[in-house]
Amino acid sequence: MLTWGILGQLLWTGFAAATYYCLFAVAFSLVLKVNKIWNFAQAGVMVFSYFALLVAFRHWSLALVPAIVFGLLITLGVSLALERYAFMVFRDRNSSILTLFIFTIVFSEFSVYLIELAFGTEPQTLYPSLLWPVDLYGGIAISHWDLMAIVVTAVLMLLLYLFVYRTRYGQYLIAVADNENLAEIYGISRKRAYGVSISIAAVLITAGMYLFGTKAALFPSTPLQHLLIFAVIATILAGIGNVFRAGIAAVALSLIQAFSILVIASKWQALLAYILIFVVIIFFPRGFALPRKLSGLVRPSGRSASVAVADTAGD
Amino acid sequence: MFEVQNLTACYGPLIAVNDVSLSFETGVRMGIFGHNGSGKSTFLKCLVGGVKDVSGAVVFGGSPIVADQVHRNVMLGIGFVPQVQNVFPNLTVEQNLHIAGSKSNSSFLEEAYALFPLLRERQDQLAGDMSGGEQQMLAVSLALMTRPQILLLDEPTAGLAPAIVKNVLNSLSRINSELGTGLILVEQNVLAALDVVERAIVLKGGRIVFDGASEELRAKEDLWAWF
Amino acid sequence: GDAPAAKKKPLRFGVADPLTGPAAIFGKDQMQAVRWAVEDINAKGGVNGHPLEAIILDHQAKPEVGIAVVNRFVHVEKVPVYITAFSNVVKAVAPIANREKVLMLSVGANAPAIARLGDYVYTTFPLADVDMNALGKYAYQKMGKRRAAVLHVNHETGRDGAKVFSESFKRAGGKIVVYESYEQERSDFTGLVLKVKAANPDIIHIHSVIRDFTAVVAQMRQLGVKTQITSYQTAFNPKMIQQLGKGAEGIIVTALAPSVEDNKNLPAYIERWKKAYKRMPIGLPYTQYFYDAPYIVAALYKWVLDKKLPITGENMRKALVAIKTFEQPLTNTVTINDDHTVKKPVYFWQVKGGKFTLIGSQKD
Amino acid sequence: MEYILTVMVLIGINVILATSFNLILGYGGLMSVAHPIFYAIGAYCSGLLAIHLQIPVPLSILIGAGIAMVLSFGVSLPSLRVSGDYLVIASIGFQLGILHVINNLDFTGAAGGLTNIPVLNEGPSRSLVFVLLIAVVAACAVFLVGWIVEGDYGRAITAMRNDEEAFSALGRNAMNIKIVLFAIGSGMAGLAGALYAHYFAYVTPEQFGIFTSAALLTMVVVGGAATTWGPLVGAVLLTTLPQAITFLGLPVSIMAPLQGVIYTTLVIFFLFARPQGLTGGSRGGGGLEAWSASAAFRARRDAE
Amino acid sequence: MSTIVRVENLHKSFGGIVVADDVNLSFETGEIVGLIGPNGAGKTSLFNLISGVIPPDAGSITLGDHRVDQLPMHHRARIGLARTWQNTRMFHSMSVIDNLLIATRRYPGESLARILFRRRALDAFRQEATEKAVALLERVGLADKMHEMAIELSYGQQKRIGLARALMSDAACLLLDEPMAGVEGQAYETIIRVIREEAQAGRAVCVVEHNISFIRDISDRTVFMFNGCVLASGSVDELTRDSQLTDLYFGGEHPQ
Ligand SMILES: Nc1ncnc2c1ncn2[C@@H]1O[C@H](COP(=O)(O)OP(=O)(O)OP(=O)(O)O)[C@@H](O)[C@H]1O
Ligand SMILES: Nc1ncnc2c1ncn2[C@@H]1O[C@H](COP(=O)(O)OP(=O)(O)OP(=O)(O)O)[C@@H](O)[C@H]1O
Ligand SMILES: [Mg+2]
Ligand SMILES: [Mg+2]
């Protein structure tokens with residue numbers, strides 16, 4: 001019953017379906033790395049982002065570009081406001097990590113309730129219909145959604161990569177991530193860096209929510225209950241601080257889940273993920289990080305020098 | 001030109017720097033001495049705006065140093081090596097240097113390597129994995145990368161081997177004479193530092209108790225009594 | 001007229017249903033039905049001149065909220081009878097009803113276990129064994145299907161419904177080729193769909209909440225699975241057709257409430273919805289039962305008042321056992337069996353041309 | 001009256017949970033969020049034992065708590081290898097994993113929950129008796145934790161939290177402390193769970209998920225982490241608040257979100273207005289950061 | 001004199017960097033050993049290996065009669081090892097005195113069972129420990145800082161507290177990593193005195209320092225490390241006579 005066609009299909013569709021997880025994981029991981037915040041408020045931002053898009057598409061019937069722009073603006077606004085009026089305040093006060101933890105979670109809950117208040121609790125899709133045109137290539141169904149998702153994600157990841165590693169501002173982010181006080185001493189504004197990273201996250205989130213909402217309906221509570229956990233797990237599996245690897249981990253995790261149905265009952269699929277996290281964390285506490293290259297670092301042993309040194313004195 | 005007027009810095013109820021007024025030219029070579037807890041590090045931090053709870057004024061080259069705006073203040077041309085946490089621990093040596101130089105220019109990289117050849121060997125090592133003294137070398141090079149008009153160094157030689165100490169102090173005087181970079185040096189190693197500086201300040205309980213030429217301080221029989 | 005009804009002491013009863021949360025989409029329309037029913041009863045003079053009053057609270061389809069809400073009914077509002085729905089909540093609050101001797105009517109929850117929850121717990125709604133038994137048999141005998149795939153969401157209703165369907169289908173002679181469950185809130189079903197595709201069934205039964213149902217079907221259709229799909233009463237929902245468009249064509253759902261052909265009041269009821277909200281109610285059959293539930297309460301109150309008994313949960317239960325058979329405006333005859341179950345005909349609807357069309361029924 | 005008693009039972013349960021959570025999280029600095037799973041284990045084990053093996057309820061409650069205590073190794077062992085952020089996720093994995101198993105096994109009632117759990121006590125004043133019992137247990141929990149963390153043991157806990165390596169280099173065994181903290185805290189949570197199960201007679205997996213973790217965390221932090229009375233205040237306040245909101249007479253159809261908005265807004269307000277928690281002192285960083293229980297420190301504070 | 005710590009054939013490397021290459025060393029009771037060497041020679045790493053922060057690749061470490069190289073850190077400390085850190089490492093949210101009390105040996109108050117049943121005895125012990133801690137703080141000249149939070153002290157003060165903390169445990173062997181770095185010149189005599197007293201009390205002391213006159217003043221024997229190897233050992237003057245060593249360490253010139 002298992003044919004290559006089905007495996008190929010699983011790989012392709014699973015890959016496409018992993019794209020928004022990838023975006024969310026990278027956004028989460030980036031904010032964790034630079035702003036040093038376990039930003040569970042991301043779920044709240046995701047909700048706002050989604051419903052901004054929803055209003056633009058469904059209520060105002062805007063065209064694609066203005067609708068996305070509107071969604072992005074709202075997402076940016078919420079994100080920056082969070083950074084400026086909440087994270088910064090807690091940071092200045094030297095609040096404990098727990099306080100921030102709670103704040104971010106409660107903020108997400110608050111957003112969910114607020115949106116439920118405004119929009120009701122029904123699941124909503126961005127377009128009235130969930131069906132996309134499908135083309136068949138060699139027995140593999142390729143929906144236009146898949147193509148769009150993969151292209152959007154790939155482009156965004158590429159841009160982010162270029163930004164981080166090829167621009168000066170990317171370097172600033174890296175510096176602030178590592179030691180924000182020292183970065184200030186080298187003229188880098190940490191506040192600006194925090195703003196930039198949370199804005200990048202906002203872009204990724206908007207894209208991710210658009211992809212999600214064109215594939216399935218969203219309850220206001222879905223980001224908090226489901227999407228975010230996934231991003232957190234991917235972040236950890238990749239090892240904290242490996243932003244791009246978090247994206248890869250998200251894709252891998254999602255694919256593993258998709259494929260695992262071929263061997264285990266689907267009701268145990270989620271368990272597989274949990275066991276995986278538990279085991280990975282305990283046996284590879286730094287994530288699936290490759291051992292760092294130390295090959296470049298060689299120095300002669302002091303023994304070579306000692307040959308020439310006469311034994312100066314006895315004990 | 002640094003002008004400090006009635007500077008007072010507090011940590012809660014504790015007054016760490018108490019009503020200090022002082023001024024010096026950009027090209028100065030000055031040492032700040034004092035016993036542990038006398039407020040040296042705090043004073044240095046105030047010069048870049050790194051302490052929040054301050055009163056009084058600090059002006060550098062006509063521009064005020066604003067508290068809690070370190071990144072702006074340093075762009076006026078100040079280099080600062082803090083006493084602790086003075087490297088980016090999870091970045092490689094090379095990345096450290098690039099970041100330090102990114103706001104000015106990275107051309108000083110070669111000179112930094114020439115000053116501490118070890119750093120070139122360790123280009124790819126994570127700064128946090130290096131020994132205490134190696135980190136100290138890196139920290140000094142980082143500050144040099146910005147090509148500042150004035151360099152504030154908080155115990156730059158602590159933990160360095162004697163050979164390196166000499167090397168660092170010599171290079172600092174060279175940089176001062178060749179480029180006109182000012183030096184403000186906090187040191188416990190008073191005698192070695194007095195060789196480099198021309199003006200000395202002694203802090204006690206946050207106040208200035210001595211301000212004069214370094215020779216004058218050296219000449220004092222009761223050097224330690226000043227502390 | 002209503003004048004006397006307003007003066008006498010109101011007869012109160014509790015209704016708990018999800019008004020927020022993922023299940024609220026059903027709860028809201030169900031509560032509207034209850035409000036209309038109470039209005040209609042009171043407009044006709046209430047019960048012996050007493051107005052009926054429904055205290056409606058939200059349990060969010062969450063057991064712990066349900067417990068708090070029912071505690072409030074019993075201890076703060078002191079009602080002798082309350083109505084609730086959703087299997088997990090029904091199970092959670094049943095012990096309170098038994099302990100406090102307050103009559104509890106379950107409307108719409110369909111886990112077969114509900115029949116065995118205790119003396120004070122009754123359902124006015126047929127449980128899953130009724131419609132899923134019928135559907136299993138119908139699929140095999142009338143539709144000629146032989147190989148079924150069964151998918152269900154992992155919650156009370158999903159598990160029970162899927163189980164009853166597959167047992168009935170097997171009993172009829174069919175074969176279950178895939179039997180899988182998944183967690184709520186999932187968005188990607190690729191693996192599941194492909195597994196079903198590989199097994200090549202000739203019918204797929206999906207027992208799931210409406211959001212998951214549309215997502216699964218959408219992904220099936222896009223991955224080229226064109227097989228006949230069946231589901232149960234929650235999929236009896238115009239939104240589902242809207243989101244699936246052409247993909248919805250041919251889907252068969254069950255309904256436990258009579259259709260327009262069998263019930264003379266129904267057309268007017270539907271008109272009322274169209275007038276008030278310009279749409280059909282979501283989960284029409286459920287709302288029929290909910291509209292009728294206050295009529296049962298009214299009948300119980302009337303029995304107790306006529307016998308001049310004190311208004312207690314115990315007496316309400318006595319009334320229910322004594323009356324047994326109720327003639328209902330929208331669901332015809334409802335008979336509460338001694339074993340706490342209700343038997344009703346099952347109706348099958350199919351999506352044709354973007355609309356639900358009755359294709360058959362099974363009455364026995 | 002009965003209604004109020006039920007709310008009081010919930011308050012008591014939450015006080016036990018928050019207090020024990022505070023021991024692990026606030027004092028121990030062990031960032032595990034898996035506390036509700038021990039609550040679940042206590043509830044399920046005790047309930048299942050009473051249902052299937054007809055074990056007398058008081059005994060099954062104790063066994064349930066004991067099992068939770070033993071299973072706390074599931075989190076304390078990882079905590080020996082990883083800490084901080086990693087522990088958070090390991091514990092989430094542990095929590096959701098076990099919950100997922102419960103959610104899919106038939107004999108636990110799966111997603112539908114475990115029904116018909118025998119209750120601890122019957123009779124007309126059942127709730128009153130139960131409230132008294134819970135109050136006693138909660139008081140014991142608060143005092144036990146307060147007593148563990150004051151004085152020398154507490155100082156060792158704080159030192160471990162500050163710098164585990166330096167702590168070990170002084171000859172102190174961090175492992176022991178972690179295992180003890182988790183065992184005691186989880187045992188208390190298990191007890192709370194068992195008591196819950198035998199009062200409400202019904203438990204379902206969804207009661208023990210990540211949202212419960214968040215709710216407990218909120219109680220601890222809003223009340224004041226690493227303080228004795230903080231979790232108690234937090235639990236009382238945050239349990240009664242939602243109940244009180246239901247009596248505001250809000251329109252039913254938007255009650256839950258509105259209630260949620262009010263509740264979360266209040267929590268956020270507390271976080272901003274009282275960063276050290278409601279009971280935390282005025283000292284920066286609050287109870288969580290400062291260790292202030294040493295005899296010497298107290299002497300000075302009293303002198304001032 | 002008897003040997004307290006014996007290190008034999010110790011190897012350790014990080015990738016290409018060898019931090020211990022066949023190191024053989026021993027510390028005797030009552031002896032103060034100075035450990036010098038250029039930056040990155042492996043001095044701190046040697047301390048880390050002995051105290052158990054990092055595991056060795058090969059070789060053995062014995063402490064008294066115990067082979068300790070596979071034991072966890074706290075075990076070694078209990079057998080009788082105390083160390084300071086190059087970068088202070090205070091318990092930052094505790095007061096200075098509590099920082100010291102934590103280091104008390106076999107503190108009964110840190111066993112739950114004992115707290116439960118023997119509170120009286122505990123109080124007596126606590127009293128004694130507190131007195132000892134205060135006395136130590138006086139010896140390092142920081143008694144007036146007793147109740148400050150450790151994090152609020154200046155760097156040099158923290159270093160001295162670190163020294164006092166290491167002395168609390170009465171360990172048989174003391175490893176001091178740059179105790180003078182950042183410490184004011186005035187405290188020089190104090191610290192020398194304190195370390196001498198400890199050695200006289202029968203402890204083995206090993207001091208890493210770059211302040212060569214300090215090492216000359218204090219040590220009975222000096223060990224020179226370079227790139228992970230022990231190159232020489234003897235008195236400071238003997239070592240400085242060797243031109244190659246001075247090249248490596250002092251950059252050509254002989255000190256003073
Ligand atoms: N974890 C590690 N990973 C890689 N290299 C390391 C690590 N720890 C130490 N090293 C390297 O090992 C060498 C020895 O370091 P160590 O800290 O022991 O030096 P040290 O003798 O104490 O020097 P200093 O006097 O500067 O403190 C250094 O070159 C350092 O870069
Ligand atoms: N973050 C802080 N919070 C509270 N008090 C502080 C803080 N940092 C320093 N202090 C106090 O301020 C005073 C001055 O400290 P500072 O670090 O400036 O001294 P220093 O002269 O640099 O000493 P050292 O030679 O030891 O480095 C000290 O008494 C110290 O305890
Ligand atoms: Mg200082
Ligand atoms: Mg060192």
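Throughout, a chain's letter reflects where its sequence line sits, starting with A, and its residues are numbered from 1. As a basis for the values below, the full set of heavy atoms in this structure was taken, side chains included, without hydrogen atoms, waters or symmetry mates. Owing to the predicted nature of the structure, the values given are computational and were not obtained by experimental measurement.
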Note: vs chain D, highest number of non-hydrogen pairs under 4.5 angstrom among C:R72, C:E100, C:M31 is C:R72
Would you call [X] and [Y] a side-chain contact if the rule is heavy atoms closer than 4.5 Å?
| X | Y | answer |
| --- | --- | --- |
| D:R126 | C:R99 | yes |
| D:N104 | C:E183 | yes |
| D:D106 | C:R159 | yes |
| D:E206 | C:P63 | yes |

Shortest non-hydrogen pair, C:N154 vs D:N103, comes out as ND2-O, 3.3 Å
With D:Y202 as partner, the option from C:N88, C:I96, C:V93 fulfilling side chain to side chain contact (heavy atoms under 4.5 Å, CB included) is C:N88
Measure the spacing between [atom1] of [X] and [atom2] of [Y] and express it to the nearest 0.5 Å.
| X | Y | atom1 | atom2 | value |
| --- | --- | --- | --- | --- |
| C:N71 | D:I4 | CG | CD1 | 11.5 Å |
| C:K62 | D:T204 | NZ | OG1 | 11.0 Å |
| D:Q259 | C:D58 | CD | CG | 8.5 Å |

